[in-house]
Amino acid sequence: MGKLAAFLMVSMDGFHATPDGDLDWHTVNPEFHRFAVAQLDRADVLVFGRVTYTAMAQFWTSPMAEEVDHETAVRMKRLRKVVCSRTLEEAPWAPSSIIRDDVVGALARLKGETDGDLLILGSASLIATLTEAGVLDELRLMIAPVALGQGRPALEALSRRITFDLGDVRRFESGNLFLTYRPVGAK
């Protein structure tokens, strides 16, 4: 059985994006690229919300992605992708499929059909929904050494208190801090 894991880079003050959705503050270097490749190598399926899927598809299919990080680009293109959206008409970034209804149930079933991780990249609202539903197994936060002052809170879509147990902690040379959490009572 696979594990449903989510990865978010957040600022020191808890934002996953600026108010306009900008991510230019992410601390990314060769060490981060190696980390990203290792994380993707453990994944069988990438999971996205509509907004993140659209942005990722645009970037990772571009020539710039190959120039910036060839190894990650290869994996992002190769891995199966699932986008959770009621409004997206098509998902052209192959191989992709769309889950329109019962996202929680569909991802729980998919978890049972895979051996590797189902990895959610970004998609903070989707992460909150799956955490509240009890199907998220692991929350991976990369805290960047920057405070934004304002932005989109990492888990702002949560409607109730959720407690997490700390798993691993890893310090990066860049000042990034990687924290792995498990929601208490997660299935």
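Just so we're clear, the structure is a prediction, and the values are computed from it rather than from any experiment. The residues of the chain are indexed from 1 along the displayed sequence.
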Aromatic ring pairing F7/F32, orientation class (parallel under 30°, perpendicular over 60°, tilted between): tilted
Whether Y181 and F164 hold their rings parallel, tilted or perpendicular, with breakpoints at 30° and 60°: perpendicular
Between the main-chain N or O of [Y] and the side-chain N or O of [X], is there a donor-acceptor pair closer than 3.5 Å?
| X | Y | result |
| --- | --- | --- |
| D165 | V184 | no |
| E132 | S159 | yes |
| D13 | A147 | no |
| E138 | K3 | no |
| D137 | A5 | no |

Mind checking the [atom1]-[atom2] spacing from [X] to [Y]? Nearest 0.5 Å is all I need.
| X | Y | atom1 | atom2 | result |
| --- | --- | --- | --- | --- |
| H16 | L141 | NE2 | CG | 11.5 Å |
| D117 | R140 | CG | CZ | 4.5 Å |
| M142 | L179 | CE | CG | 9.0 Å |
| L46 | L121 | CG | CG | 5.5 Å |
| L155 | L8 | CG | CG | 6.5 Å |
| L110 | M1 | CG | CE | 10.5 Å |

Who are the side chain to side chain contact (heavy atoms under 4.5 Å, CB included) partners of [X], not counting sequence neighbours?
| X | value |
| --- | --- |
| A65 | F59, W60, S62, A73 |
| R100 | I98 |
| P145 | T27, N176 |
| T87 | R50, S85 |

Measure the shortest side-chain to side-chain distance between [X] and [Y] over non-hydrogen atoms and say whether it is less than 4.5 angstrom.
| X | Y | answer |
| --- | --- | --- |
| E113 | D44 | no |
| V28 | V68 | no |
| V47 | L107 | yes |

Please answer: with hydrophobic residues joined when any side-chain heavy atoms are less than 4.5 Å apart, are [X] and [Y] in the same cluster?
| X | Y | answer |
| --- | --- | --- |
| V104 | L118 | yes |
| V10 | L136 | yes |
| V51 | W25 | no |
| M9 | L166 | no |
| V45 | L130 | yes |

Give me the atom names and distance for the closest heavy-atom approach of [X] to [Y].
| X | Y | answer |
| --- | --- | --- |
| A17 | L23 | CB-CD2, 3.9 Å |
| G151 | P153 | O-CD, 3.4 Å |
| G49 | S123 | N-OG, 2.8 Å |
| I127 | G122 | CD1-O, 3.0 Å |
| A154 | A124 | O-CB, 3.2 Å |
| A91 | S96 | O-CB, 3.5 Å |

Within 6.0 Å of CD in E66, more than 12 heavy atoms from elsewhere: yes
Whether over 12 other heavy atoms sit under 6.0 Å from Q58 CD: no
L40 and L79: CA distance, side-chain angles, deciding distance, side chain to side chain contact (heavy atoms under 4.5 Å, CB included) verdict: CA-CA 8 Å; L40 291 170; L79 282 165; 4.0 Å; yes
Derivation of the side chain to side chain contact (heavy atoms under 4.5 Å, CB included) call for T52 and L126: CA-CA 10 Å; T52 304; L126 178 61; over 6 Å; no
Pair listing, ring pair (Phe, Tyr, Trp, His ring centres under 6.0 Å) test, anchored in residues 83-140, at least two apart: F48-W93, Y53-W93
Salt bridge (charged side-chain N to carboxylate O under 4.0 Å, His left out) contacts in which one or both residues fall within residues 80-90, not counting sequence neighbours: none
